[in-house]
Structures are given as structure tokens and as C-alpha cells.
Amino acid sequence: MEIPDKEENVKLDFIRSIVVEDIASNKWDGRVVTRFPPEPNGYLHIGHAKSICLNFGIAAQFNGRCHLRFDDTNPEKEEQEYVNSIIEDVRWLGWNWGEHLYYGSDYFDKMYEYAIQLIKKGKAYVCDLNAEQTRQYRGTLTQPGKDSPYRNRSIEENLDLFERMKAGQFPDGSRTLRAKIDMSHPNLNMRDPVMYRILHSSHHRSGDKWCIYPMYDWAHGFEDSIEKITHSICTLEFENHRPLYDWFLDQVEAYHPQQIEFARLNLTFTVMSKRKLLQLVQEKLVSGWDDPRMPTISGLRRRGYSPSAIREFCKIIGVNKFNSTIDFALLEHCLREDLNKTSARVMAVLKPLKIVIDNYPEGQVEELDAVNNPEDPNAGTRKVPFTKELYIEQEDFMENPPKKFFRLSPGKEVRLRYAYFITCNEIVKDDAGNVVELHCTYDPATKGGDAPDGRKVKSTLHWVSAEKAIKAEVRLYDHLFTKENPDDVEEGQSFTDNLNPNSLEILPECFVEPSLLEAKPLDRCQFERLGYFCVDPDSAKGKLIFNRTVGLKDTWAKVQKQEQTA
RNA sequence: UGGGGAAUAGUGUAAUGGUAGCACAACUGACUCUGGAUCAGUUAGUUGGGGUUCGAGUCCCUAUUCCCCAGCCA
């Protein structure tokens with residue numbers, strides 16, 4: 001497993017500043033305890049990574065600890081599959097919670113005791129209003145609510161009714177336990193919020209033990225409290241809930257962590273809500289939660305992202321209290337920066353064009369030395385076989401090249417990387433006029449790629465031996481959505497209308513150099529001049545499949561684009 | 001029109017009353033056996049209006065804009 005970098009040098013964002021102050025004032029006896037509390041109702045995505053890196057990062061930086069806690073208070077949406085994936089993803093990102101793996105559902109008994117306590121204080125009551133009535137009684141943003149007719153039941157009656165709710169004597173939705181706060185409070189969350197609802201639903205952990213389940217507001221503070229969390233970090237939309245968080249904890253005089261809210265991550269060209277990601281999966285608009293186009297951790301992993309690239313990204317985007325949308329290019333920048341340092345280089349040809357070296361001996365095979373990673377001398381070298389018939393990239397040849405095209409064209413000399421200078425002499429076309437084969441000559445004196453006479457070429461091409469190369473499938477990806485903001489839709493449309501029809505391009509007939517024969521799923525490498533690639537888990541013995549993680553920066557593509565628009 | 005938050009280059013993010021800095025993006029150029037990488041450089045910013053102050057992105061007032069809240073979801 002990759003180990004996260006030292007967290008010591010992380011700049012002090014507003015949350016870390018609070019932590020530093022609290023340590024200085026000894027507010028929590030010097031303790032720093034954070035938690036990452038996902039609900040297991042979906043797969044984790046890059047937005048969660050921001051929260052994970054924040055919480056685990058703070059713990060690492062300040063000698064504290066961070067708990068992984070499943071906030072599993074709604075059995076209707078939660079599944080073990082999600083628990084498993086979340087554990088895998090957080091671990092893959094490189095974080096370690098030690099023995100501190102918890103489940104909110106493990107605290108249900110304690111929460112129930114607290115509820116009894118609140119009823120006994122006259123601060124909670126069983127309400128017989130149904131969901132619709134409850135909404136009507138709540139009032140609106142500008143109008144106060146009305147007290148429930150059941151608001152003033154006696155403590156004894158409430159105790160009895162709540163006991164019978166727990167015992168399963170009432171059907172779903174027939175009653176709730178509510179906090180007695182203030183139906184005219186300007187913050188709607190304080191208008192007698194529901195603490196428990198009746199749900200005869202089997203829980204992924206507690207099974208059928210309970211048929212009443214705590215609501216988030218009631219449960220979350222106690223989960224934090226029981227675990228002696230110091231800084232309970234959550235996203236902005238919970239700001240309105242903080243008064244309730246505080247109220248509940250204070251009513252029962254429980255240990256009281258500090259809730260701090262920060263802005264969730266938004267990224268261009270993608271959606272980040274679990275609901276929408278679920279929809280993409282359920283409607284089969286992607287191949288699954290781990291589709292390489294998904295912003296999920298599992299999707300990014302399969303795409304070839306490295307944990308350290310994601311961590312670096314989370315580190316540099318900062319933490320704040322206002323909504324912002326990060327340019328996807330920044331994520332890709334972090335990716336390339338990491339992959340450039342760590343990826344072994346290999347040669348692969350995606351759209352092959354056969355070339356024949358006319359003056360190269362028939363049947364001869366030369367094993368040429370190639371550098372594995374120019375950024376890392378320790379990565380060593382490997383042998384690449386050179387033969388009379390080769391493949392180069394179709395895009396690397398043009399019959400009638402424009403001025404700025406440096407690659408192969410009739411009469412032009414280029415270098416084949418680590419091999420020889422070659423010159424194109426003859427073009428073979430099919431009946432339709434497509435170039436299907438090139439005849440070239442090589443200069444034996446340029447073996448290894450340097451001309452003894454000091455002559456220069458403008459371009460170096462990648463290539464593979466037609467006889468020795470391995471066939472492979474390559475999957476190219478583009479943004480899943482065509483718009484920077486996929487939610488930018490016409491009236492009546494949905495974000496799925498902005499799906500990019502060209503987000504996946506499958507190239508079934510590619511060739512990679514033979515050193516890749518033993519490549520295993522999730523192995524990463526750079527295809528020289530093309531980009532970073534990763535072996536897809538769909539690969540089987542004898543059938544290699546590569547995902548393009550991200551392309552290399554391509555100034556030629558930029559030049560082409562400029563000329564098109566000019 | 002209730003309450004809670006927030007506004008710094010195109011995008012992010014620093015500056016905690018004292019020269020508005022950094023990154024990404026874009027654009028130049030150098031170098032290169034990856035048109036990669038690397039290096040050098042350019043463009044570009046404090047939401048508006050008042051006030052306090054020797055001095056304001058920062059403090060005060062005011063206006064504007066944006067986000068969140070009316071689940072028995074989290």
C-alpha cells in the first residue's frame with residue numbers, strides 16, 4: 001500500500017486553524033479526533049476523497065486519529081456491498097483507521113436510552129401525525145408552524161407509546177418520536193424535528209432487532225459524542241442543522257464535539273451526487289460504479305488514477321466555506337505529475353500503419369535497449385525487438401503534410417525511438433485511396449537513434465514490431481458529459497441529456513510491445529507519446545485490455561485545433 | 001418576502017490593518033531520442049458605494065449577487 005506523504009506541511013485552512021487554536025488552548029486536552037462518516041448507500045467518489053483526506057489528514061498532521069464510521073441509520077437504502085466498497089476505497093487511498101472502525105447502528109441502544117431521557121425531561125413526545133400532516137404543521141420558510149395536537153401528551157403516555165413503537169405495535173409511518181422545541185422557530189430544523197420513525201425493515205447489521213430507526217440529526221451527534229470526536233467536520237448543507245446538533249447533545253448533557261462545515265467538492269464535466277451516480281448505474285448509462293468514466297474512487301482506480309495523485313489533488317484544492325467548481329484539468333494535472341514520475345514507458349501503437357523497411361534483412365530480429373523511465377534512473381532499461389515489418393501510428397504519417405508537421409511524410413527522415421532513422425520512399429494505397437502500407441529505408445549507421453554524422457531529425461516516432469508485438473484492446477475515454485456543468489439543461493431535460501456520446505472509444509486492434517506480456521490488472525504505464533494507460537480488470541489470459549487514464553499534453557493537437565479555428 | 005452561510009485574475013486558493021502572492025488554464029520562447037518532461041516569460045484579480053485609518057482584500061455601514069433549509073433521507 002502506498003503511504004500518504006507526511007502531512008506536516010499542509011497549509012492551515014480555516015479548519016486546521018481551529019484545530020491549532022484548540023490544541024493551544026487545550027480545549028480537548030490536546031486530543032484531535034476526527035471521523036469520516038459515510039452512509040453505506042453508494043460508492044465513494046472524488047468528493048468524498050476531499051472529506052477523507054481532510055479528516056484523516058488532520059488526524060495525521062496533529063497526532064490524532066480518525067475513525068471510519070458507517071452512518072447506517074436508514075436500512076432501506078443501505079447495503080453491505082457499499083460497506084465493503086467504502087472500506088476498500090478508503091484503504092486504497094492510503095488511510096488507516098487502525099481499530100477505529102465503527103457503525104452508527106452499534107449505538108442504537110445508547111441512543112434509545114437518551115431518547116427516554118429526553119421524554120422524561122418533557123422534551124420529546126410521540127406524535128401521531130402522518131408524514132403529510134407533519135409537513136403541513138411545519139409551516140413554511142416565511143410562516144411559523146403549528147403545534148402538533150399530540151405535543152402535550154403526558155410523560156407517562158409518551159414513555160408507553162414510545163416503548164410500544166419500539167415493540168413493533170404500530171405500522172410504518174403511523175407515529176414518530178419528536179423533539180419538543182419550537183414550532184415557530186425561524187430555522188425549520190428546530191420545529192419539533194422527528195427523532196425516530198417506524199420502519200419495519202431489516203438492517204444490514206442489526207437485522208430485525210429494531211423497527212424504529214433514529215433520524216440523522218438525532219443519531220449523528222451521539223455517534224460523534226460516544227466516540228469522543230473533537231472536530232466533527234461535515235459539509236455546508238448541515239450548517240442549518242448545527243443548532244439541532246448542539247441542542248440534542250446539551251439536553252442530555254452528553255460530551256459535545258464541535259461541528260464545522262466546509263464546502264463540498266464540485267468538478268467540471270462531472271456530477272457528484274450519489275443520487276445521480278446511482279441513476280447512471282441503474283439506467284446502465286455506464287457499466288457500473290467502477291466504470292472508468294465515473295468520478296467514483298473505484299472508477300478512478302480502474303481508470304488508472306493513483307492514490308497519491310488523488311491525495312495531492314485534495315491537498316491543493318483547499319478547504320473553504322463557499323461553493324466553487326474545480327477545473328477537471330487540475331485533477332489531470334495532479335495525475336500527470338504523479339504518473340510522469342512513476343510510470344514505466346513502453347511503446348504501443350493504437351491505430352496501426354504497417355511499414356516495411358526494404359533494406360532491412362528478412363527474418364532479422366534486433367533487441368534494442370530502451371529506457372524504462374527517463375524521470376527515474378533506477379527504473380533501468382529493457383529490450384525491444386526490431387524487425388523488418390513494423391507498425392507506426394497512422395497519425396504519424398501524412399502524404400501531404402502542412403508546414404508544422406514534423407513527422408513522417410514522403411521523402412522525410414524521422415527517428416524510430418531507440419532504433420534507427422528511416423526515410424519514407426513509397427506509399428501503398430488500397431482501392432479507396434487509403435494509405436495502407438509504407439515502404440521505407442533505414443540507415444544502419446543510426447542504430448540506437450543517433451547519427452554519427454551529427455545529422456538531426458525533427459521527430460521521433462514510437463513503433464512496435466509487426467511480428468513480435470502483442471495484440472491488445474485499448475479503451476479511450478473522454479468526459480462523461482459534454483458540458484462543464486452537466487446540470488445546465490433546458491426546461492424539462494435532465495443531466496443525462498448532457499451525456500457525451502463519445503466518452504468511450506474502443507480500439508480492438510492495437511499492438512503493444514512484448515514486454516507487456518505479463519502485465520496484470522491495474523498495472524500502470526505510459527505509452528510513449530500517447531498517454532498513461534492502465535490494465536483493465538476485464539483483461540484475460542491472452543487478451544490484454546488497456547484503459548487510457550489520461551493523455552499526454554499534446555501541443556501538436558493544439559496546433560491543429562488552432563489552425564482549424566483560424 | 002423567514003433563517004443560516006458566502007463573495008480575491010478564466011478556475012481554484014493565500015495574504016489574520018502594512019509591496020495582492022501561488023497553482024491550474026491560456027499564450028510566448030528555450031531545450032529535448034516522447035510535439036512528453038523540464039526551464040524562462042506574458043496576460044489577468046479584491047462584487048458596487050460610502051466610512052474609520054498614515055495605511056483596508058482585511059474593520060464599520062450600505063447595496064448587490066450567489067448557495068443552503070419547508071424528507072418519517074443523510
Side-chain angles (χ1 to χ4, degrees), chain A residues 11-13 17 37-39 41 71-74 76-78 127 129-132 134-136 138-145 172-178 184-191 193-199 212-213 215-217 219-220 234-243 261 263 268 274-275 316-334 336-337 340-341 345 347 370-371 374-375 404-407 415-419 421 448-450 456-462 484 526-531 551-559:
Chain A
K11 270 215 179 127
L12 293 188
D13 51 66
S17 301
E39 181 189 13
N41 68 343
D71 197 3
D72 53 354
T73 57
N74 184 352
E76 296 187 329
K77 290 186 177 175
E78 296 151 8
C127 180
L129 258 26
N130 64 29
E132 172 63 23
T134 304
R135 175 153 34 94
Q136 280 164 0
R138 185 154 35 229
T140 69
L141 294 176
T142 51
Q143 289 170 327
D172 286 6
S174 60
R175 281 172 227 259
T176 56
L177 183 72
R178 294 228 258 161
S184 60
H185 198 108
N187 180 342
L188 305 232
N189 295 127
M190 301 296 273
R191 320 243 261 228
V194 172
M195 296 161 57
Y196 279 91
R197 75 282 214 187
I198 301 173
L199 243 36
I212 55 170
Y213 289 92
M215 298 287 292
Y216 169 87
D217 287 307
H220 203 86
C234 61
T235 45
L236 245 34
E237 66 270 26
F238 292 104
E239 220 156 11
N240 294 326
H241 295 247
R242 183 164 13 106
E261 309 85 11
T268 54
K274 276 197 207 170
R275 202 207 92 228
I316 68 173
I317 56 175
V319 183
N320 56 43
K321 284 192 70 111
F322 53 92
N323 300 303
S324 60
T325 302
I326 309 253
D327 192 339
F328 201 91
L330 185 57
L331 212 209
E332 294 188 326
H333 162 77
C334 295
R336 289 195 184 98
E337 195 166 63
N340 177 46
K341 282 183 240 152
R345 271 63 169 173
M347 290 197 282
V371 173
E375 306 292 324
K404 290 176 184 163
F405 186 83
F406 304 149
R407 283 112 94 145
R415 172 169 38 232
L416 293 182
R417 179 139 233 226
Y418 301 124
F421 285 13
D450 284 307
K456 300 281 184 201
V457 287
K458 285 279 278 234
S459 177
T460 300
L461 308 186
H462 60 275
E484 278 201 17
Q526 182 196 99
F527 289 173
E528 292 222 29
R529 303 208 305 137
L530 297 174
L552 254 20
K553 282 193 193 160
D554 189 345
T555 51
W556 168 239
K558 206 178 270 182
V559 169

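To find a chain, count down the sequence lines: A is the first, B the second, and so on, and within it residues start at 1.
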J.: Is there a side-chain contact between Arg138(A) and the phosphate of C72(B), meaning an N or O under 4.0 Å from OP1 or OP2?
T.: yes
J.: Looking for any heavy atom pair under 4.0 Å, which part of the strands does Met347(A) touch: base, sugar-phosphate only, or nothing?
T.: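 Result for Met347(A) = nothing.
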J.: How long is the line joining CZ of Arg178(A) and P of G71(B), in whole Å?
T.: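 Taking CZ of Arg178(A) and P of G71(B), I get 12 Å after rounding.
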J.: Between U42(B) and U34(B), how far apart are the two P atoms, rounded to whole Å?
T.: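 Their P atoms lie roughly 28 Å apart.
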J.: Does C72(B) have OP1 or OP2 sitting under 4.0 Å from an N or O in the side chain of Arg175(A)?
T.: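 Checking Arg175(A) against C72(B): no side-chain N or O falls below 4.0 Å of OP1 or OP2.
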J.: Could you tell me how far A20(B) sits from A9(B) if I compare only their C1' atoms? Round to whole Å.
T.: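 Rounded to whole Å, the distance is 11 Å.
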J.: Where do N or O atoms of nucleotides 1-8 of chain B meet protein N or O atoms at under 3.5 Å, pair by pair?
T.:
| unit_1 | atom_1 | unit_2 | atom_2 | d |
| --- | --- | --- | --- | --- |
| G2(B) | N9 | Leu141(A) | O | 3.3 |
| G2(B) | N2 | Pro186(A) | O | 3.4 |
| G2(B) | N3 | Leu141(A) | O | 3.0 |
| G3(B) | N2 | Asn240(A) | OD1 | 3.0 |
| G3(B) | N2 | Asn240(A) | ND2 | 3.3 |
| G5(B) | O2' | Glu239(A) | OE1 | 3.2 |

J.: When the P atoms of G18(B) and A37(B) are compared, how many Å lie between them, rounded to an integer?
T.: 39 Å
J.: Categorize Leu461(A) for me: base, sugar-phosphate, or nothing, with a 4.0 angstrom heavy-atom threshold over every strand shown.
T.: nothing
J.: Roughly, in whole Å, what's the span from CZ in Arg407(A) to P in G36(B)?
T.: 11 Å
J.: Can you sort out the partners of Phe406(A) under ring pair (Phe, Tyr, Trp, His ring centres under 6.0 Å), two or more places apart, ordered by chain and number?
T.: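 Expected list: none.
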J.: List for me each residue that meets ring pair (Phe, Tyr, Trp, His ring centres under 6.0 Å) alongside Phe322(A), sequence neighbours excluded, and say none if there are none.
T.: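 So Phe322(A) forms no ring pair (Phe, Tyr, Trp, His ring centres under 6.0 Å) with any residue.
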J.: So what does Arg415(A) hit on the nucleic acid, given a heavy-atom distance under 4.0 Å: a base, only sugar-phosphate, or nothing?
T.: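 Since a base atom lies under 4.0 Å of Arg415(A), the category is base.
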J.: Rounded to whole Å, please give me the gap between CD in Glu528(A) and P in A37(B).
T.: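 Nearest whole value for this atom pair: 13 Å.
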J.: Can you tell me whether the base of G41(B) sits syn or anti, using the 90° cut around 0 to define syn?
T.: anti
J.: Quick check for you: among G36(B), G12(B), C73(B), whose closest atom lies nearest to any side-chain atom of Arg345(A)?
T.: G36(B)
J.: Using the test side-chain contact (heavy atoms from CB on, under 4.5 Å), find all partners of Thr73(A) that sit at least two apart in sequence or belong to another chain.
T.: Asp71(A), Phe108(A), Pro214(A), Ala219(A), Glu223(A)
J.: Nearest to the Phe405(A) side chain among A74(B), G35(B), C72(B), which nucleotide is it?
T.: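 Of all the options, the side chain of Phe405(A) is nearest to G35(B).
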J.: Go through the steps for Tyr196(A) and Arg175(A) under the test side-chain contact (heavy atoms from CB on, under 4.5 Å), then give the verdict.
T.: CA-CA 9 Å; Tyr196(A) 279 91; Arg175(A) 281 172 227 259; over 6 Å; no
J.: Looking at every strand, decide which applies to Glu39(A) at a 4.0 Å heavy-atom threshold: base, sugar-phosphate, or nothing.
T.: sugar-phosphate
J.: Rounded to whole angstrom, note down the C1' distance from U1(B) over to C61(B).
T.: 23 Å
J.: Are Ile198(A) and Ser174(A) close enough that some pair of their side-chain heavy atoms sits under 4.5 Å apart?
T.: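 Yes, close enough: below the 4.5 Å cut-off.
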J.: Could you tell me the separation between the CD1 atom of Ile326(A) and the P atom of G12(B), rounded to a whole number of Å?
T.: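 The distance from CD1 of Ile326(A) to P of G12(B) comes to 7 Å, rounded to the nearest Å.
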J.: Going 5' to 3' through nucleotides 20-27 of chain B, assign each nucleotide B (protein heavy atom under 4.0 Å from a base atom), S (under 4.0 Å only from sugar-phosphate atoms) or - (no protein heavy atom that close).
T.: ----SSSS
J.: Looking at C72(B), A74(B), G36(B), which one has an atom nearest to any side-chain atom of Asn74(A)?
T.: A74(B)
J.: Would you classify Tyr196(A) as touching base, sugar-phosphate or nothing, given that sugar-phosphate means primed atoms plus P, OP1 and OP2, and contacts are heavy atoms under 4.0 Å?
T.: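 Counting heavy atoms under 4.0 Å across all strands, no contact is made by Tyr196(A).
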J.: Counting distance only, does the side-chain N/O of Asn240(A) pair as donor-acceptor with the main-chain N or O of Asn187(A) below 3.5 Å?
T.: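 It does not hold such a pair.
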J.: Using a 4.0 Å heavy-atom cut-off, does Asp450(A) contact any base of the nucleic acid, only the sugar-phosphate backbone, or nothing at all?
T.: base
J.: Checking His185(A) now: which residues fulfil ring pair (Phe, Tyr, Trp, His ring centres under 6.0 Å) with it, not counting sequence neighbours?
T.: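 Not a single residue meets the ring pair (Phe, Tyr, Trp, His ring centres under 6.0 Å) criterion with His185(A).
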J.: Could you work out the separation of G45(B) and U11(B) based on their C1' atoms and round it to a whole Å?
T.: 12 Å
J.: When we call it a touch if two heavy atoms are under 4.0 Å apart, what does Glu261(A) touch: a base, just sugar-phosphate, or nothing?
T.: nothing
J.: Would you kindly give the CD-to-P distance between Glu237(A) and C73(B), to the nearest whole Å?
T.: 17 Å
J.: Quick one: side-chain hydrogen bond (donor to acceptor under 3.5 Å, both in side chains) partners of Lys77(A), sequence neighbours excluded?
T.: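 Partners of Lys77(A) by the side-chain hydrogen bond (donor to acceptor under 3.5 Å, both in side chains) criterion come out as none, since no residue qualifies.
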J.: Look at the side-chain N and O atoms of Arg275(A) and state whether any lies under 4.0 Å from the OP1 or OP2 oxygen of A74(B).
T.: no
J.: side-chain contact (heavy atoms from CB on, under 4.5 Å) with Thr140(A): which residues, sequence neighbours excluded?
T.: Thr142(A), Gln143(A)
J.: Which part of the nucleic acid, if any, lies within contact of Asn130(A), taking any heavy atom under 4.0 Å across all strands shown: a base, the sugar-phosphate backbone alone, or nothing?
T.: base
J.: Using the criterion of both pairing distances under 3.5 Å for Watson-Crick and G-U wobble pairs, give all stems of 3 or more consecutive pairs involving RNA chain B.
T.: B:2-7 with B:64-69, B:10-13 with B:21-24, B:26-30 with B:38-42, B:47-51 with B:59-63
J.: Within this structure, what is the CE-OG1 distance for the pair Met215(A) and Thr176(A), rounded to the nearest 0.5 Å?
T.: 9.0 Å
J.: What integer number of Å spans the C1' atoms of G35(B) and C31(B)?
T.: 13 Å
J.: How far does the P atom of C60(B) sit from the matching atom of A26(B), given to the nearest Å?
T.: 40 Å
J.: Can you find a heavy atom in the side chain of Leu552(A) that is under 4.5 Å from one in the side chain of Glu528(A)?
T.: no
J.: So Thr73(A), base contact, sugar-phosphate only, or nothing? Heavy-atom distance under 4.0 Å.
T.: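 The residue Thr73(A) makes sugar-phosphate contact but no base contact.
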J.: For the pair made of CD in Glu332(A) and C1' in U11(B), what is the distance, rounded to whole Å?
T.: 14 Å
J.: Not counting sequence neighbours, which residues clear side-chain hydrogen bond (donor to acceptor under 3.5 Å, both in side chains) with Asn41(A)? List them please.
T.: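 For Asn41(A) the side-chain hydrogen bond (donor to acceptor under 3.5 Å, both in side chains) partners, ignoring immediate neighbours, are Glu39(A), Lys274(A).
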J.: Could you check whether Thr325(A) gets within reach of a base, just the sugar-phosphate, or nothing at all, counting any heavy atom under 4.0 Å?
T.: sugar-phosphate
J.: Residues in side-chain hydrogen bond (donor to acceptor under 3.5 Å, both in side chains) with Arg197(A), at least two apart?
T.: none
J.: Measuring from Asp13(A):CG to Lys321(A):NZ, what's the distance to the nearest 0.5 Å?
T.: 12.0 Å
J.: How many Å lie between NE2 on His462(A) and C1' on U32(B), as a whole number?
T.: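 That distance rounds to 18 Å.
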J.: Whole angstrom is fine here: how far is it from CZ in Phe238(A) over to P in G71(B)?
T.: 15 Å
J.: If you look at every strand shown and take non-hydrogen atoms under 4.0 Å, does Pro144(A) touch a base, only sugar-phosphate, or nothing?
T.: nothing
J.: Return the stacking result for A74(B) and Tyr216(A): yes when the ring centres lie under 5.5 Å apart and the planes under 30°, no otherwise.
T.: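 One would not call Tyr216(A) stacked on the A74(B) base.
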J.: So what does Ser324(A) hit on the nucleic acid, given a heavy-atom distance under 4.0 Å: a base, only sugar-phosphate, or nothing?
T.: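 Since only primed, P, OP1 and OP2 atoms lie under 4.0 Å of Ser324(A), the category is sugar-phosphate.
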J.: For Phe527(A), what residues pass the ring pair (Phe, Tyr, Trp, His ring centres under 6.0 Å) criterion, not counting sequence neighbours?
T.: Phe533(A), Phe546(A)
